[in-house]
Amino acid sequence: AAGVIQSPRHLIKEKRETATLKCYPIPRHDTVYWYQQGPGQDPQFLISFYEKMQSDKGSIPDRFSAQQFSDYHSELNMSSLELGDSALYFCASSLGQGEPQHFGDGTRLSIL
Amino acid sequence: AQSVAQPEDQVNVAEGNPLTVKCTYSVSGNPYLFWYVQYPNRGLQFLLKYITGDNLVKGSYGFEAEFNKSQTSFHLKKPSALVSDSALYFCAVSRNSGGGADGLTFGKGTHLIIQP
């Protein structure tokens with residue numbers, strides 16, 4: 001079965017640079033979520049989109065923004081990167097509220 | 001605000017024995033509860049959910065969970081543990097923001113170690 005696809009799998013950036021992470025949801029899933037997981041931490045919810053509109057907002061820094069496109073893929077844009085942004089970033093998709101969120105394998109972002 | 005507590009950082013069980021991973025939650029309104037499993041350097045895999053209905057929920061790989069409203073608990077259980085069940089387990093609750101695509105609030109996770 002098709003799963004959530006995230007790209008790139010690994011990304012190395014320097015402080016103050018920008019990064020763009022991409023997420024391709026499971027076909028027919030109209031809802032996308034972004035999470036950040038630091039080393040040894042639980043995932044922290046950042047932001048979600050339903051039918052291309054922002055739906056819920058968690059602990060997403062102002063330096064980050066995201067959007068969902070007409071084909072339902074989503075991008076997380078990160079600017080002025082800081083050392084503390086080093087983490088595993090997960091995208092998940094679902095068929096809607098109350099339905100299970102299916103996670104991709106994540107993008108590991110390392111800030112040097 | 002909602003919260004999830006997993007009181008045990010690690011649970012050790014002998015293969016073939018029953019296992020329980022504990023979870024308690026705090027949320028306003030009716031909870032949407034989930035269990036996920038994570039293997040090293042991988043995404044989270046959905047195991048089971050409770051939305052409404054029977055308090056005993058059955059999920060993937062022989063896992064089940066019991067919802068207890070009075071104790072605000074949602075413990076994960078399996079009658080007979082396998083070595084391959086060794087992984088990091090997360091309990092989660094939906095944020096119930098009302099927006100239709102609520103993010104999840106996770107517990108800190110419990111490392112489950114099944115000893116041969």
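To find a chain, count down the sequence lines: A is the first, B the second, and so on, and within it residues start at 1. Model, not experiment: these values are computed from the prediction.
The environment of NZ in A/Lys15 is sparse: at most 12 heavy-atom neighbours from other residues, nucleotides or ligands sit within 6.0 Å. By the 6.0 Å contact criterion, OH on B/Tyr39 is enclosed, its count of non-hydrogen atoms from other residues, nucleotides or ligands being greater than 12. Taking a 6.0 Å sphere around CG of B/Asn12, one finds it holds more than 12 heavy atoms contributed by other residues, nucleotides or ligands. Within a 6.0 Å sphere centred on NZ of A/Lys13, heavy atoms belonging to other residues, nucleotides or ligands number more than 12.
Side chains of B/Leu104 and A/Tyr35 form a contact here, defined as non-hydrogen atoms less than 4.5 Å apart. Residues B/Phe90 and A/Pro43 form a side-chain contact, since some pair of their non-hydrogen atoms from C-beta on lies under 4.5 Å apart.
In terms of hydrophobic clustering, with Ile, Leu, Val, Met, Phe, Trp and Tyr side chains grouped at heavy-atom distances under 4.5 Å, B/Tyr61 and B/Phe74 are assigned to a common cluster. No continuous path of hydrophobic side-chain contacts links B/Val37 to B/Leu44 [ILVMFWY only; heavy atoms under 4.5 Å]. Cluster membership for A/Phe103 and A/Leu21, using ILVMFWY side-chain heavy atoms within less than 4.5 angstrom, is not shared. Hydrophobic clustering, with ILVMFWY side chains joined whenever heavy atoms are under 4.5 angstrom apart, groups B/Tyr50 together with B/Leu76. Following chains of ILVMFWY side-chain contacts shorter than 4.5 Å, one can reach A/Ile111 starting from A/Ile60, so the two form part of one hydrophobic cluster.
At least one donor-acceptor pair closer than 3.5 Å links the side chain of A/Ser48 to the backbone N or O of B/Ala101.
Within the 4.5 angstrom heavy-atom criterion, only side-chain atoms of A/Gln37, from C-beta onward, approach chain B. Looking at B/Gln45, neither its backbone nor its side chain comes within 4.5 Å of chain A, counting heavy atoms on both sides. Neither the backbone nor the side chain of A/Gln54 comes within contact range of chain B; no heavy atoms are under 4.5 Å apart.
Residue pairs meeting the ring-ring contact (aromatic ring centres under 6.0 Å, His included) criterion with at least one member in residues 6-30 of chain B: none, sequence neighbours excluded. Applying the side-chain hydrogen bond (donor to acceptor under 3.5 Å, both in side chains) rule to pairs touching residues 71-81 of chain A yields A/Thr20-A/Asn77, A/Trp34-A/Ser74, A/Glu51-A/Tyr72, A/Asp71-A/His73, A/His73-A/Glu75, sequence neighbours excluded.
Taken from CG in B/Asp102 to CD in A/Gln101, the straight-line distance is 9.0 Å, to the nearest 0.5 Å. Rounding to the nearest 0.5 angstrom, the gap separating the OH atom in B/Tyr36 from the NE2 atom in A/His102 is 7.0 Å.
Contacts of residues 106-116 of chain B with chain A at a heavy-atom distance below 4.5 Å involve B/Phe106, B/Gly107, B/Lys108, listed in sequence order. By a heavy-atom distance cut of under 4.5 Å, A/Phe90 are the residues of residues 83-93 of chain A near chain B, going up by number.
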